[in-house]
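Sequence lines set the chain letters: A, B, ... in the order given, protein chains first and strands last, and positions in each chain run from 1.
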There are 2 protein chains.
Amino acid sequence: MQGPATIRAVERTRHDYADVMEQLRARGLRMTPQRRAIVTEVMRTQGHIAPSMIARKVQGDMPGVNASTVYRTLTLLEEVGVLSHSHLETGAEYHMTDEAEHVHLTCGRCGKDDPLSLGEAHALQGLIRRHHGFEADLTHFAITGRCAGCAAAGA
Amino acid sequence: MQGPATIRAVERTRHDYADVMEQLRARGLRMTPQRRAIVTEVMRTQGHIAPSMIARKVQGDMPGVNASTVYRTLTLLEEVGVLSHSHLETGAEYHMTDEAEHVHLTCGRCGKDDPLSLGEAHALQGLIRRHHGFEADLTHFAITGRCAGCAAAGA
DNA sequence: GTTGGTGCAAAGGATTTGCAAGGTG
DNA sequence: CACCTTGCAAATCCTTTGCACCAAC
């Protein structure tokens, strides 16, 4: 599990089915109804969603879809570039690759999850690059801590 | 699973058994040989170690120790403040709380894991604080990306 | 018709829980 | 001796794999 590096400017078009199909076809792969259902579920989700949750939801809409199919599909769609995953406190979660353009600032006390702007993310990346030549992908792991409110509250 | 926030200057003494016992006793808890073995294993580890690995190693030295004891102990020692965990690409890993003073820069291609200095970490935290009032704990999640070498190599 | 995909079933591994027996302070 | 801890065993959960059948293109 390892995503692409750095945050790119948002210039690509958002993925839709045509897009997904194209990426699959380019590799001689097929767009099955199961895959369609899985992509739909991830697209419908604002933000990120856990694999096991995708499995449950997809099975809700389309009984008979096997969990193993879901896991295999997620892996495949990530290889193809349609999906990406990030690590949150609760585990790995998937999202459309082109929705990866934000960094999670998750409060460990109240659970609030603020996004970091592109500009701020770039500033952080620049700072890391300057000292290590390391190209950070801040979207891949969340950043935890205490939000302003909770920090003020003391905890 | 959620650790304390911010990176503190390293001024506290390193934990040793006396330290651990004190923290337990303060809560009316006991220092059993199993707990001693588990703490020993974590202290012996330079850096971080996964729960399942701790279980295996402890069982190696001290057959009969049950895995459930290990998991319960890790949770407890984290509540007490002796241990903390971080999230790396491979999952959660534990370490002595006072060894948490570094941020992981993990290369997703070659796997190299560089630490970020305290000063640099503070700079990043300052930047985040300025814009969001958010007190980031950069030690809790690793930062992935591409190390200088791999970034240059193109991948 | 090819070749990739899916369902099914089973395996695997990590982690949790209830409970009675055991050990620490 | 009281109460915390442990071992045991069972139960979950999530995820992976082998394989024969099925379907997309």
Run the side-chain contact (heavy atoms from CB on, under 4.5 Å) test against [X] and tell me which residues pass, sequence neighbours left out.
{"X": "B/Ser86", "result": "B/His95"}
{"X": "A/Ser68", "result": "A/Asn66, A/Arg72"}
{"X": "B/Ser52", "result": "B/Ala50, B/Arg56, B/Tyr71"}

Taken in chain and number order and not counting sequence neighbours, the residues that satisfy salt bridge (Lys or Arg N to Asp or Glu O under 4.0 Å) with B/Arg27 are none
In short, salt bridge (Lys or Arg N to Asp or Glu O under 4.0 Å) pairs touching residues 61-70 of chain A with sequence neighbours left out are A/Arg44-A/Asp61
With sequence neighbours left out, the residues meeting side chain to side chain donor-acceptor pair (under 3.5 Å) with B/Thr40 are B/Tyr17
Residue set satisfying side chain to side chain donor-acceptor pair (under 3.5 Å) with B/Ser117, at least two apart, ordered chain then number -> B/Glu120
**Prompt:** Under 4.0 angstrom, heavy atoms only, what part of the nucleic acid is B/Gly28 near: base, sugar-phosphate, or nothing?
**Reply:** sugar-phosphate
### Message
Mind checking if A/Gly91 touches a base, just sugar-phosphate, or nothing, with heavy atoms under 4.0 Å?
### Response
nothing
Between [X] ([atom1]) and [N] ([atom2]), how many Å, whole number?
{"X": "B/Gln34", "N": "D/dC8", "atom1": "CD", "atom2": "P", "answer": "11 Å"}
{"X": "B/Met62", "N": "D/dT5", "atom1": "CE", "atom2": "C1'", "answer": "12 Å"}
{"X": "B/Ile49", "N": "C/dA14", "atom1": "CD1", "atom2": "P", "answer": "13 Å"}
{"X": "A/Arg36", "N": "C/dT6", "atom1": "CZ", "atom2": "P", "answer": "11 Å"}
{"X": "A/Leu24", "N": "C/dT3", "atom1": "CG", "atom2": "P", "answer": "19 Å"}

In short, ring-ring contact (aromatic ring centres under 6.0 Å, His included) pairs touching residues 40-66 of chain A with sequence neighbours left out are A/His48-A/His104
Contacts satisfying ring-ring contact (aromatic ring centres under 6.0 Å, His included) that involve residues 20-41 of chain B (not counting sequence neighbours) are none
With 3.5 Å as the limit, what N/O pairs link the protein to nucleotides 22-25 of chain C?
unit_1	atom_1	unit_2	atom_2	d
C/dG23	N2	B/Arg30	NH1	2.0
C/dT24	O2	B/Arg30	NH1	3.1
C/dT24	O2	B/Arg30	NH2	3.4
C/dG25	OP1	B/Met31	N	3.4

Hey, can you tell me if B/Phe141 and A/Phe141 have their rings parallel, tilted or perpendicular (30° and 60° cut-offs)? tilted
As a check of understanding: the bend across the helix from C/dG1-D/dC25 to C/dG25-D/dC1, end axes from five pairs, rounded to 10 degrees, works out to 40°
With B for base contact, S for sugar-phosphate-only contact and - for none (protein heavy atoms under 4.0 Å), nucleotides 13-20 of chain D reads -SSBBB--
Result for side-chain contact (heavy atoms from CB on, under 4.5 Å) between A/Ser84 and one of A/Asp98, A/Asp137, A/Thr97, A/Thr139 points to A/Thr97
